[in-house]
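We count ligands from 1, going down the list as the structure has it; atoms in each ligand are counted the same way.
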Amino acid sequence: MSTTVTIAYDVFVNDPPPQDNGLLPNAEPKSGSPVASTLIYGDEDAVLTDPAFTTGQAHALGDWVAEKGRNLTDIFVTHGHGDHWFAAGLLAERFGARVVATAGSIAQMDVSIGLRPFLWDKVYPGIPPAPVTAVTVPGNRLTLDGHELVMVEVGHSDTDDTSVLHVPDLELVVAGDVIYNGAHLYLGESVLVDGFQPWRDAIDKVEALEPHHIVCGHQNRQLDDDATRTIAETRHYLDDADELLQTEATAVDFFNAMVDRYPDHLARTVLWAGASALYGVREHPEQDVSEILVAGWL
Ligand SMILES: [Zn+2]
């Protein structure tokens, strides 16, 4: 592809919103994960990814986007989890942008809407009205000043029907929740797919894109975006989880053992939600799995 306009990207990491729903097993207050949004921009236009979920986050992110002085054409959402997109409508309205996603992710966005009263609104105040306005685009491709941005479907990672945005000319993958960077992985939904193999397959698909940079949906803003490191660390985390699921008798034991191995990782609340689900399903096979998953967050 011949093009003269150079594109670039920048990342804004929103702090998790305040929450007030009890303590973790180690008695620290619950707190969610930071959410990273990526702005890919040329001389005039820009595309934003995963615009977080509360009104406060939308304001902070929107002010950052406005400072870049570009025309925001599209907001891409990697997957259906509400923390990555409930604020998309506010940003779309502010900048006159379109919200885009794969068909699979759009279906999962509807699932998150269904869960709002039982999960999201119970834990996090300040989520705006969030109708699903996302649309698909032909071939799951966008162009930005002549450069291709490709939505790549990778299947189940920390939820069903996840996708990543591949920007070949930047050797960049915006990985959503397929790859994590310095924050605890959400392991809960592995109970729906019998373990971590689908997630490992999704990681392989990201690696096959040969990125040099990976922006993770949840990351410690102190860390770099090195693709090799973040891929290796995400794989290693899943291996550790598999090992400790064999050796640890209870959710609390698992939580404590993972915190011992990852003392600097952010978002222990996400670790606890996953541990509660994994051990909840193990200990109560007769119970409804979606109720167990939701209960882990409350
Ligand atoms: Zn997420």
message: Test side chain to side chain donor-acceptor pair (under 3.5 Å) on Y124 and D83; report intermediate values, then the result.
response: CA-CA 10 Å; Y124 299 105; D83 55 324; over 6 Å; no
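Under 3.5 Å, the side chains of E28 and N26 contain a donor-acceptor pair of N or O atoms. A donor and an acceptor atom, one from each side chain of H284 and E291, are nowhere located under 3.5 Å apart.
Within D177, the N/O/S atom positioned nearest the Zn ion (ligand 1) carries the name OD2. For H84, the N/O/S atom at the shortest distance from the Zn ion (ligand 1) is named NE2.
Distance check for H81 against the Zn ion (ligand 1): none of its N/O/S atoms falls below 2.8 Å. Taking 2.8 Å as the threshold, H79 does not count as a candidate ligand of the Zn ion (ligand 1), since none of its N, O or S atoms lies below it.
A salt bridge links R200 with D242: the closest approach of a Lys/Arg side-chain nitrogen to an acidic carboxylate oxygen falls below 4.0 angstrom.
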